[in-house]
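As the structure is a computational prediction, the values presented were derived from the model and not from experiment. Sequence positions, counted from 1, serve as the residue numbers for this chain. Just follow the structure's listing: the first ligand is 1, and inside any ligand the first atom is 1.
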Amino acid sequence: MTDLEVPVLIVGGGGAGLSASMFLSHLNVPNLLISRRPETSKIPKAHMISQRSMEIFTELGVADTILEKGTPAENMKSVAWYAGVNGDHDGYGQRLGRLDTWGGGYTDADYVAGSPCRTVNLQQLHIEPILKNHAESYPFADIRFNHELTSLEQDDEGVTSEVVNRGTEERYRVRSRYLLGADGGRTVGDLVGLKMSGETNLMRMVSTHFTADLSPYLKDEDVILRWLINPEFGASIASGVLVPMGPTQWGTHSEEWVFHLQFPMDDPGAFDGEKVLERIRATLGIPDFDPPIHGTTRWVQEGMLADGFQAGRVFLLGDAAHRHPPMGALGLNSAIHDAHNLCWKLAAVLGGAANPDLLNTYEVERRPVDAANVKQALESAMNMFRIDAALGISPDKSSEENWAAIRPLWTDTPESPAKRHVVNKAIAAQSCEFRGHNTEFGYTYTSWAIIDDGSPAPEQLDANRLYLPSTRPGSPLPHAWVERQGRRLALGSLTADGHFLLIAGEHGDAWLEAAEKIAAETNLALRIARVTPLNAVLDTPVKFEYIDIQCAWQRKREISPSGAILVRPDRFVAFRSMGSVNDHQGALGAAFDQILRRTTNVASE
Ligand SMILES: Cc1cc2nc3c(=O)[nH]c(=O)nc-3n(C[C@H](O)[C@H](O)[C@H](O)COP(=O)(O)OP(=O)(O)OC[C@H]3O[C@@H](n4cnc5c(N)ncnc54)[C@H](O)[C@@H]3O)c2cc1C
């Protein structure tokens with residue numbers, strides 16, 4: 001029996017746990033990560049890494065490796081629906097519709113203006129080893145795969161966990177101040193009594209990962225997801241989704257692929273490898289298709305949310321706290337965002353800068369965002385059926401009837417204009433999944449670690465698709481490229497390494513002085529920036545000055561030239577003053593007191 005003591009024990013070595021370890025190590029917090037399998041995931045699951053996640057990975061120094069191995073932007077611009085792939089009928093392979101995906105390979109103006117990073121596509125089985133290598137590179141991290149948590153108990157001072165080394169069957173106890181349950185919902189939630197509620201067993205999915213040269217059969221190099229609707233079967237979910245996996249060639253020339261098929265929950269065929277392969281052959285229309293198969297995963301689509309994300313000193317994150325259909329690519333991304341929200345707070349508490357109460361805001365801030373993700377992913381999954389209805393095809397119709405229903409899409413008939421409109425409308429509606437920019441990127445927080453400035457919430461034109469940048473407290477800091485002494489950087493990157501960021505306008509010197517005094521007096525990690533519009537730049541250099549080189553900040557800042565914004569280390573706006581105040585140091589000090597819960601007379605939420 002070996003006993004260990006560590007500030008934070010992380011249970012689970014998937015996207016959530018590995019991200020948490022990197023964040024904590026990056027902020028100099030020693031952590032132990034245990035994960036029960038000997039290696040990272042071998043099955044293809046998540047593959048879309050959002051702009052927000054790439055911003056976070058940029059800060060951690062791991063984004064370049066992910067970009068290098070990921071899909072080139074030109075091969076991930078769209079998703080498309082096809083009438084099968086290959087076969088005798090002249091309609092096979094016809095494209096029924098297409099949509100831009102997650103910024104259309106960084107060509108959508110909102111995505112370009114929104115973030116310095118583009119969405120990246122790389123399968124989870126390739127991402128996790130990159131994250132693991134990076135997590136292991138920090139001296140503050142102890143990463144142990146093949147080690148499993150079997151029990152835990154907590155008291156007022158900490159958590160005592162029992163761990164088994166599955167390689168040697170040696171058992172040992174770990175004493176930690178806090179425990180992060182990033183175990184996909186397998187152990188920790190039950191041990192601390194945090195249940196999950198929602199809808200489960202919605203659909204059974206079978207995902208097959210294989211190597212094959214499909215380039216002779218496929219077209220459209222810019223498509224990343226192909227919905228193959230074979231009129232023989234008659235419905236998109238009943239047919240299949242084909243996803244390229246690279247690893248060195250992309251587009252139609254990808255060497256590896258994943259084929260997702262849906263089966264009714266009670267269909268034993270889902271567990272019969274030969275039947276699964278028959279469905280793939282029939283959907284592709286390649287009768288002798290017999291590729292080398294690397295693995296087959298069976299999983300159910302569900303929409304589940306933990307009743308709470310915190311029990312004492314134990315926190316749930318990632319799939320342990322919420323599970324939803326992959327529509328919208330919100331799973332792995334929200335796991336990373338959970339960890340990002342929690343870890344700067346843990347570092348602030350363990351480092352003595354914040355009262356432990358700050359940790360209570362993790363659940364208050366993240367649970368509503370994750371609940372919205374669950375709801376949106378379920379809606380996107382259900383919306384897919386509207387496409388089948390618009391196409392007018394069904395498994396209950398004959399293949400002749402199904403072909404006749406979709407032929408007007410590519411052959412001019414009197415029905416074509418109406419048919420094309422109806423199908424286009426249904427496919428455009430699926431942008432709820434592929435262009436959920438506000439859901440995936442523009443989500444906001446409300447808690448007492450965000451200081452309400454009394455301004456009304458902006459009117460949402462489309463709460464899922466449209467991200468409207470704002471500096472209203474609780475919003476993510478809007479993106480702007482700025483320059484300092486000839487060096488260009490993203491304004492948001494100034495929060496790197498756990499820093500608060502005070503941004504003042506060109507007449508906000510009193511805010512800059514106040515921030516400088518607070519940083520010196522309190523030892524707070526605080527960066528200071530005066531962002532000056534181009535028409536106000538002086539000939540002589542000004543302290544803390546960054547030039548608003550593309551006028552982006554001027555357009556998005558909302559504050560007056562004498563106002564200021566305080567940004568948290570996770571890049572969310574915590575406090576805003578639209579203009580000058582009587583006592584700048586007092587106002588800023590009070591803001592820090594509230595955010596970090598440093599005084600006791602702060603109102604609870
Ligand atoms: C087919 C499919 C496609 C998807 N596509 C996307 C996508 O495009 N984008 C996206 O964002 N999401 C997607 N997702 C969802 C995404 O894969 C998950 O949300 C993500 O893997 C969650 O990460 P996690 O770290 O929370 O959990 P997991 O990846 O499940 O990791 C949990 C870890 O905990 C370990 N563990 C469990 N119990 C213990 C224990 N007792 N002791 C120690 N370790 C333990 C496990 O071994 C595992 O390593 C998809 C999912 C599927 C199934």
Side-chain angles (χ1 to χ4, degrees), residues 9-21 32-50 52-53 76 79 101-102 119-125 127-128 131-132 143-152 161-166 174 179-191 203-209 224-225 241 243 245 258-262 295-302 304 306 316-339 370 373-374 377 381 433-434 436 439-440:
L9 173 65
I10 302 166
V11 182
L18 289 168
S19 298
S21 174
L32 167 64
L33 181 150
I34 55 166
S35 199
R36 76 171 168 194
R37 293 190 189 282
E39 293 163 323
T40 50
S41 175
K42 289 280 170 248
I43 51 177
K45 296 192 285 183
H47 49 99
M48 281 294 168
I49 307 297
S50 74
R52 179 75 59 219
S53 302
M76 51 177 293
V79 55
T101 42
W102 294 290
T119 313
V120 176
N121 182 70
L122 182 65
Q123 273 287 350
Q124 196 162 334
L125 65 85
I127 298 167
E128 285 188 8
L131 301 185
K132 180 168 179 269
I143 310 286
R144 300 182 179 194
F145 274 61
N146 220 12
H147 289 230
E148 180 174 354
L149 175 93
T150 53
S151 69
L152 69 87
S161 305
E162 194 165 284
V163 180
V164 187
N165 176 341
R166 286 294 174 209
V174 179
L179 183 145
L180 308 192
D183 63 335
R186 290 172 188 88
T187 314
V188 177
D190 283 343
L191 289 175
M203 300 175 193
R204 184 172 310 284
M205 303 297 298
V206 180
S207 304
T208 308
H209 170 199
I224 192 72
L225 294 172
V241 186
V243 189
M245 281 191 57
V258 186
F259 207 111
H260 300 295
L261 289 170
Q262 188 216 332
T296 303
T297 324
R298 291 167 183 85
W299 49 286
V300 294
Q301 297 220 17
E302 53 186 349
M304 304 288 280
L316 300 184
L317 51 160
D319 273 19
H322 42 84
R323 291 193 292 274
H324 32 83
M327 278 75 191
L330 298 166
L332 176 60
N333 287 302
S334 57
I336 296 164
H337 306 166
D338 288 345
D370 289 320
N373 288 344
V374 172
E433 172 180 0
F434 300 112
T439 301
E440 73 193 37

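Close approach of ligand 1 to A182 is summarised as follows: ligand atoms under 4.0 Å from at least one heavy atom of the residue are 32 (C), 33 (C), 34 (O). The atoms of ligand 1 that sit less than 4.0 Å from any heavy atom of G318 are 26 (O). Under a 4.0 Å criterion applied to the non-hydrogen atoms of L330, ligand 1 contributes the atoms 11 (O). Those atoms of ligand 1 that come under 4.0 Å of a heavy atom in V11, given as number and element, are 40 (C), 42 (N), 43 (C). For ligand 1, the atoms closer than 4.0 angstrom to any heavy atom of M48 are 8 (O), 9 (N). When each atom of ligand 1 is checked for a heavy atom of P326 under 4.0 Å away, the hits are 3 (C), 4 (C), 5 (N), 50 (C). Ligand-side atoms of ligand 1 in range of G15: 25 (O), range being under 4.0 angstrom from any heavy atom. The ligand atoms of ligand 1 that sit less than 4.0 angstrom from a heavy atom of H260 are 1 (C).
Considering backbone and side-chain N/O of L149, one or more are found under 3.5 Å from N/O of ligand 1. Residue G331 has at least one N or O atom closer than 3.5 Å to an N or O atom of ligand 1. In terms of N/O distances under 3.5 Å, ligand 1 is not approached by S207.
Contacts of M205 with ligand 1, taken as heavy-atom pairs under 4.0 Å, are absent altogether. When heavy-atom distances to ligand 1 are checked against a 4.0 Å cut-off, T187 comes that close only through its side chain, counted from C-beta outward. Using a 4.0 Å cut-off between heavy atoms, V188 makes no contact with ligand 1 at all. Heavy atoms of E148 found under 4.0 angstrom from ligand 1 belong to the backbone as well as the side chain. Contact annotation: for S334 versus ligand 1, there are no heavy atoms closer than 4.0 Å. The proximity of R323 to ligand 1, defined as any non-hydrogen pair under 4.0 Å, does not occur for either the backbone or the side chain.
Of all protein heavy atoms, the one closest to atom 25 (O) of ligand 1 is A16 N, 2.9 Å. Protein heavy atom closest to atom 36 (N) of ligand 1, with residue, atom name and distance, is D183 CB, 3.9 Å. With respect to atom 30 (O) of ligand 1, the closest heavy atom belonging to the protein is R186 NH1, 3.3 Å. Ranking protein heavy atoms by distance to atom 10 (C) of ligand 1, first place goes to L332 N, 3.1 Å. When only non-hydrogen protein atoms are considered, atom 48 (C) of ligand 1 lies nearest to S35 OG, 4.1 Å. Summary of contacts: the protein heavy atom closest to atom 31 (O) of ligand 1 is G14 CA, 3.6 Å. From the protein, the heavy atom lying nearest to atom 8 (O) of ligand 1 is H47 N, 3.1 Å. Atom 19 (O) of ligand 1 has as its closest protein heavy atom D319 OD1, 2.6 Å.
Here the side chain of S35 pairs no donor or acceptor atom with the backbone of R37 at under 3.5 angstrom.
For atom 20 (C) of ligand 1, the choice among H322, Q124, R36, K45 with the nearest heavy atom turns out to be Q124. The option from G181, P44, A46 that lies nearest to atom 5 (N) of ligand 1, judged by heavy atoms, is A46.
Residues R52 and N333 form no side-chain contact, since every pair of their non-hydrogen atoms from C-beta on lies 4.5 Å or further apart. Under the 4.5 Å side-chain criterion, counting only non-hydrogen atoms from C-beta, L191 is in contact with L149. Considering only heavy atoms from C-beta on, M245 comes within 4.5 Å of L125 through its side chain. Using a 4.5 Å heavy-atom cutoff, the side chains of K45 and T297 are not in contact. Contact check for S334 versus E440: no side-chain heavy atoms found under the 4.5 Å cut-off. Inter-residue side-chain proximity for I34 and R36 is flagged as unmet; no heavy-atom pair is nearer than 4.5 Å.
The shell of residues lying under 4.0 angstrom from ligand 1, judged by heavy atoms, includes H147.
The two atoms that bring E128 and G14 nearest to each other are OE2-CA, 3.8 Å, heavy atoms only. Taking each heavy atom of G328 and W102 in turn, the nearest pair found is O-NE1, 3.7 Å.
Rounded to the nearest 0.5 Å, atoms CD (Q301) and CE (M327) are 5.0 Å apart.
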